[in-house]
Participant: 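Got a structure for you, questions after.
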Amino acid sequence: MASPQQLPPRRSIARPAPPPLTSPLRASDLIAGGLDDRSLRHSAARGLVTRLAPGVYVDSLAWRSLSSAEQYGARVRARLLRIPDARLIASHWSAAALWNFPVLDSWPSEVQVIDPSRTRGHRTPTLVRRPGPIDPDDILLDAGLVITTPSRTAVDIALTEGFTAAVLVFDHGLRHGLFEKGHLHAHLDRRPKARRLRAARRAVDFADPGAASAAESFSRVAFLTTGMPIPLLQVPFFDSSGKIGDTDCFWSEFGIVGECDGDLKYLDARYRNGRTAERVVLDEKRRQTRLESHRLVRRVVRWDYALSRQPERLAARLVDAGLPRLDARSAASRLASRAVQESAPID
C-alpha cells in the first residue's frame, strides 16, 4: 500500500512548471520556430543559448539566473528527454534535485536513474544506471519524467551516501512535509540486506525538522560525531520589545546560543525579504545584541557553512565559547531525550 504522501504510479503530480525561458528546448523545436541548424550553432557559439544535452538547449540569460540545483535539474530533464527508454526512473541525487532537496556540497555531473530491466549497475560519464526492481508505489510522473517519490529518494541517498547525507535529506524532507519518519522506516524495513542500513536507521532517529538549512544539518552531525551536546533547535526568544527571533541552536544548560549563517541570507534577494544586504547585516547585529542581553543567554556563537563541514574546527569554536565536550557515547545517549523536547517560547 502506498504511504499517505505518495500517489499512484504514473499519475501527474501538482508541481510548479518551470518558467518558459528555463524549460529545455529541443533543437527541432527551435528550428521549427524559425532557426535553421546553422543559426542555432551560431547562437550557441555566441552564448545566446546553452547546450544541456545533444539537441537540447536553454536560453543562456535564464540559465545564468538559475541556482546550481535548478541547473542540475534542467540537465536531468534534458538528458532524459533524449533517452528513448521509458523504463528509466530519475532517482538518487537526480530525483533529489527535482524535489528541491539540498545536496552534499555540489551536484553530480551525471544523471542518476534506476533501470528496472537491469540486474547490475552501469556507469558512463553522463549516466549512472542502478538496477531495479522498484515498487510501483515508489514512483511518480512529473512533467513527463518518471521519478522516485520523496521518501524513496531520501532513503536511496541514505543507503548509498551514508549518515551525513541521510541526515541532510531526512531533515529537509521532514521540515517541508515531504514525508514522515514512519515512511522512511517502512522503506528501510523492505530492504533488510541493504548496505549502510544501520546508519540509515540511526539517521532517521536523529533527523529533526527543526534544522532549517543544509548547514544546520551538517552542524548537527558535527555535534554528534565530535561528542558535543545536542542542542534544541529553533527556540523562540522574547524580550520586552517583543520577539527577538528563533535561534538555530540553543544549549539551555549552558546559556549558549548557536547561529549558523549562510551567505544566501545576505547575498540572495530571495532571502532578504526586500531588504538590502546592508540592512540585513544591521538587523542581525541588533538581533545578536538583544540575544546577548537576554537573561538566559551567556554567549552567542556564530559560524558559517564552511565551518559546518569541518566538525573538529566547529567543535573547537564551541569549546572555546564554554560548551563542554562529551565523549561520543554520552552525546548519543542524550539524543533520545533531546529528540522529544518541545521548544517552548523563552522570555
Participant: Considering residues at least two apart in sequence or located in another chain, which fulfil the side-chain contact (heavy atoms from CB on, under 4.5 Å) criterion with Ser109?
Facilitator: none
Participant: Can Leu178 be reached from Leu174 by stepping across I, L, V, M, F, W or Y side chains whose heavy atoms are under 4.5 Å apart?
Facilitator: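 As far as the 4.5 Å side-chain criterion goes, Leu178 and Leu174 are connected within one cluster.
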Participant: Taking the side chain as C-beta and beyond, is there a heavy-atom pair between Arg87 and Ile114 under 4.5 Å?
Facilitator: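 They are not in contact (no side-chain heavy atoms under 4.5 Å apart), so the answer is no.
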Participant: Among the clusters formed by ILVMFWY side chains lying less than 4.5 Å apart, do Val319 and Leu224 turn up in the same one?
Facilitator: yes
Participant: According to the ring-ring contact (aromatic ring centres under 6.0 Å, His included) rule, which pairs have a member within residues 110-129, sequence neighbours left out?
Facilitator: none
Participant: Okay, side chain of Ser94, backbone of Gln112: is any donor-acceptor separation there less than 3.5 Å?
Facilitator: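 Confirmed, Ser94 side chain pairs with Gln112 backbone.
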Participant: By side-chain contact (heavy atoms from CB on, under 4.5 Å), which residues pair with Arg313, not counting sequence neighbours?
Facilitator: Leu307, Gln310
Participant: How long is the span from the CZ atom in Arg75 to the CZ atom in Arg51, to the nearest 0.5 Å?
Facilitator: 9.5 Å
Participant: Relative to the ring of His172, is the ring of Phe101 parallel (under 30°), tilted (30 to 60°) or perpendicular (over 60°)?
Facilitator: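 The arrangement is tilted - the two ring planes meet at 30° to 60°.
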Participant: Please name the pair of heavy atoms, one in Ser151 and one in His183, separated by the smallest distance, quoted to 0.1 Å.
Facilitator: CB-CB, 4.2 Å
Participant: Is there a donor-acceptor pair closer than 3.5 Å between any side-chain N or O of Thr153 and the backbone N or O of Thr148?
Facilitator: yes
Participant: Can any side-chain N or O of Ser60 pair as donor or acceptor with the backbone N or O of Gly47 at less than 3.5 Å?
Facilitator: yes
Participant: Salt bridge between Arg325 and Glu312, side-chain N to carboxylate O under 4.0 Å?
Facilitator: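 Salt bridge present between Arg325 and Glu312.
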Participant: Taking it one step at a time, do Asp59 and Arg64 satisfy salt bridge (charged side-chain N to carboxylate O under 4.0 Å, His left out)?
Facilitator: CA-CA 9 Å; Asp59 178 85; Arg64 289 190 290 271; over 6 Å; no
Participant: Side chain to side chain contact (heavy atoms under 4.5 Å, CB included) between Met228 and Leu323: does it pass, once the steps are laid out?
Facilitator: CA-CA 8 Å; Met228 303 304 295; Leu323 197 65; 3.7 Å; yes
Participant: Grab the two heavy atoms, one from Ala90 and one from Leu98, that are nearest each other, plus how far apart they are.
Facilitator: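 Scanning both residues completely, I find the closest heavy atoms to be CB-CD1, 4.3 Å.
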Participant: Going from CG on Leu141 to CD1 on Ile89, what distance comes out if it is rounded to the nearest 0.5 angstrom?
Facilitator: 11.5 Å
Participant: List the steps and the verdict of side chain to side chain contact (heavy atoms under 4.5 Å, CB included) for Leu314 and Phe218.
Facilitator: CA-CA 11 Å; Leu314 177 56; Phe218 292 140; over 6 Å; no
Participant: Is there side-chain contact between Arg299 and Val257, with heavy atoms separated by less than 4.5 Å?
Facilitator: no
Participant: So Val103 and Tyr72, do their side chains get closer than 4.5 Å, heavy atoms only?
Facilitator: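 No, side chains not in contact.
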Participant: Examine Phe223 together with Trp251 and report whether their ring centres are nearer than 6.0 Å.
Facilitator: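 Ring centres of Trp251 and Phe223 closer than 6.0 Å.
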Participant: Drop me the distance from Asp135's CG to Asp138's CG, to the nearest 0.5 angstrom.
Facilitator: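 Rounded to the nearest 0.5 Å, the CG-CG separation comes out at 4.5 Å.
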Participant: Going by heavy atoms in the side chains, are Leu296 and Ser252 under 4.5 Å from each other?
Facilitator: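 They are not in side-chain contact.
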Participant: Minimum heavy-atom separation for Ala212 and Gln234, please, with both atom names.
Facilitator: CB-NE2, 3.7 Å
Participant: Is a side-chain donor or acceptor of Arg220 paired with a backbone partner of Phe206 at a separation under 3.5 angstrom?
Facilitator: yes
Participant: Cluster question for you: counting only ILVMFWY and a side-chain heavy-atom cut-off of under 4.5 Å, with indirect links fine, are Leu159 and Val113 together?
Facilitator: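 Per the 4.5 Å side-chain linkage, Leu159 and Val113 are co-clustered.
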Participant: Examine distances only and state if a side-chain atom of Asp171 and a backbone atom of Asp208 form a donor-acceptor pair shorter than 3.5 Å.
Facilitator: yes
Participant: Measuring only between side-chain heavy atoms, which start at C-beta, is Glu253 closer than 4.5 Å to Pro229?
Facilitator: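 SC-SC contact between Glu253 and Pro229 ruled out.
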Participant: Please round to the nearest 0.5 Å and tell me the distance separating atom CZ of Phe179 and atom CG of Leu184.
Facilitator: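 These two atoms lie 5.0 Å from each other.
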Participant: Taking atom CZ of Arg191 as the centre, report whether more than 12 heavy atoms of other residues, nucleotides or ligands fall under 6.0 Å from it.
Facilitator: yes
Participant: Out of curiosity, Glu259 CD to Gln288 CD, how far, rounded to the nearest 0.5 Å?
Facilitator: 8.0 Å
Participant: Any side-chain to backbone donor/acceptor pair from His185 onto Gly182? Under 3.5 Å, distance only.
Facilitator: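 Such a contact is absent between His185 side chain and Gly182 backbone.
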Participant: Could you go through residues 160-169 and list every donor-acceptor pair under 3.5 Å that involves a side-chain atom there, pairing it with any protein atom two or more places apart or in another chain?
Facilitator:
| unit_1 | atom_1 | unit_2 | atom_2 | d |
| --- | --- | --- | --- | --- |
| Thr160 | OG1 | Asp156 | O | 2.9 |
| Thr160 | OG1 | Ile157 | O | 3.3 |
| Glu161 | OE2 | Trp93 | NE1 | 3.1 |

Participant: Is it the case that the side chain of Arg152 and the backbone of Asp137 share a donor-acceptor pair, with hydrogens and angles ignored and the cut-off at 3.5 Å?
Facilitator: no
Participant: Is there a donor-acceptor pair closer than 3.5 Å between any side-chain N or O of Gln71 and the backbone N or O of Trp63?
Facilitator: yes
Participant: Is there a chain of hydrophobic side chains (I, L, V, M, F, W, Y, each step under 4.5 Å between heavy atoms) that links Ile83 to Ile147?
Facilitator: yes
Participant: Check whether any side-chain heavy atom of Arg77 lies under 4.5 Å from a side-chain heavy atom of Asp142, and answer yes or no.
Facilitator: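 When only atoms from C-beta onward are counted, Asp142 and Arg77 do touch, with a gap below 4.5 Å.
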Participant: Provide the closest heavy-atom pair for Ser308 versus Ala222 in the form atom of the first, atom of the second, distance.
Facilitator: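 Looks like O-CB, 4.4 Å.
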Participant: What do you reckon, is CZ of Arg195 surrounded by more than 12 foreign heavy atoms closer than 6.0 Å?
Facilitator: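 For Arg195, atom CZ is not crowded (no more than 12 foreign heavy atoms under 6.0 Å).
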Participant: Would you mind listing every salt bridge (charged side-chain N to carboxylate O under 4.0 Å, His left out) that reaches into residues 107-120, with sequence neighbours excluded?
Facilitator: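 Passing the test, one end in residues 107-120: Glu110-Arg123, Asp115-Arg129.
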Participant: The criterion is side-chain contact (heavy atoms from CB on, under 4.5 Å); which residues satisfy it with Ser68, sequence neighbours excluded?
Facilitator: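 Here the qualifying residues are Trp107.
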Participant: How far apart are the closest heavy atoms of Ala74 and Leu52, and which atoms are they?
Facilitator: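 In this case the closest contact between Ala74 and Leu52 is O-CD1, 3.9 Å.
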Participant: Going by an N to O cut-off under 4.0 Å, is there a salt bridge joining Arg175 and Glu216?
Facilitator: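 Salt bridge absent between Arg175 and Glu216.
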Participant: Measuring from Leu61:CG to Leu66:CG, what's the distance to the nearest 0.5 Å?
Facilitator: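 Between atom CG of Leu61 and atom CG of Leu66 there are 10.0 Å.
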Participant: Could you give me the CA-CA distance, side-chain angles and deciding distance for Cys249 and Leu233, then say whether side chain to side chain contact (heavy atoms under 4.5 Å, CB included) is met?
Facilitator: CA-CA 5 Å; Cys249 302; Leu233 305 180; 4.2 Å; yes
Participant: Verify whether one side chain among Arg79 and Thr126 offers a donor that lies under 3.5 Å from an acceptor in the other.
Facilitator: yes
Participant: Can Leu104 be reached from Val128 by stepping across I, L, V, M, F, W or Y side chains whose heavy atoms are under 4.5 Å apart?
Facilitator: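 No, Val128 and Leu104 fall in different hydrophobic clusters.
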Participant: Apply side chain to side chain contact (heavy atoms under 4.5 Å, CB included) to residues Phe170 and Asp205 and explain how you reach the verdict.
Facilitator: CA-CA 10 Å; Phe170 291 168; Asp205 294 336; over 6 Å; no
